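For ligands, and for the atoms within them, numbers begin at 1 and follow the listed sequence. The shown structure was predicted, so the numbers you read here are calculated from the model rather than taken from an experiment.
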Amino acid sequence: MEMAIRVISHDDVVQICMSTVIGRSIGYDVSAFLCRGVVVDLGFPLVARDFARYLASVHPAGALITHHHEDHGGNVELAATQGVPIGASDATLAMLREPPHLELHRRVIWGTPAPLRTPIVRFTSDALRLVPTPGHAPDHHIVWDAERETIFGGDLFLGVKVRTAHHGERPRELARSLRATAALRPRRYFDAHRGPVRNPVSALGAKAEWLDETIVAIERRIADGWSDRAIARAILGREDLAYYVSRGGMSRVTFVAQVRAEGA
Ligand SMILES: [Zn+2]
């Protein structure tokens, strides 16, 4: 069987790129990172076997988890059974212990995570700090290495113009988190789905800017009484493959609905 894990070196940072055959065919993969002997994020359940072998071979000092989504914390139970100390916010740990119900497309793409049942040793690191950056998810954190001016951004960035959203997102909060992260002036930035991001300060700023403009345009039409669907069509364009794969869960119309809900 084809290996689900590919390892790419960026000086002192190892990118652990994970995908499945189906995932690759529709452009879905996710990366964890290894830095200072610490692994940031734990991949998704469908790559559990290869990831378990990888984890056992590198013997990390600890694992930091950016947020509870199944492509980031999906192998937490596996890491716990290997005795890897786990660092995550209380909110993230609570959701890893009681995973929320997953929509079908997410179970197909990433697999269904085993809930965290094994008692864990809590992990903290002075060099790698979890910084709250809500928006993508309420429990989202980045990992900030101040000495090396490096950020492991989880799902904070993903791209400048991300026109789709899921039901847990808060676009205004995301814009604030992007600005706070840019203010750290990172020299290097690693995105869980894009890998290294060039010129991270301007990329994060550009995304915050685009979000602000898009939110204002949406608010104006909400005030004029437009429907979510009409607003999505006018401002964000036609729905794409993600809409059909997720049956609307990950979509432009959800982006608009989230702006409306957050503003209400
Ligand atoms: Zn996520």
- Task: Might you point out which heavy atoms bring Trp226 and Ile231 nearest each other, and give the distance in Å?
- Result: CB-CG1, 3.5 Å

- Note on the structure: For Pro113 and Gly74, the nearest pair of non-hydrogen atoms, with its separation, is CB-O, 3.8 Å

- Message: Any donor-acceptor pair under 3.5 Å linking the side-chain atoms of His67 with those of Thr92?
- Response: no

- Message: Apply the hydrophobic cluster definition, ILVMFWY joined by side-chain contacts under 4.5 Å directly or through others, and give me every member besides Phe190.
- Response: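 Once heavy-atom contacts under 4.5 Å are chained together, Phe190 belongs with Val13, Phe33, Val38, Val40, Leu64, Phe123, Leu128, Leu130, Val143, Phe152.
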
- Excluding waters, how many protein N/O/S atoms sit closer than 2.8 Å to the Zn ion (ligand 1)?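 Number of qualifying protein atoms: 4.
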
- Under 30°, 30 to 60°, or over 60°: which ring-plane class applies to Trp210 and Phe255, parallel, tilted or perpendicular?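 Perpendicular, since the angle between the ring planes exceeds 60°.
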
- Does Arg53 come within less than 4.0 Å of Asp50, counting only side-chain N to carboxylate O?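 A salt bridge links Arg53 with Asp50.
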
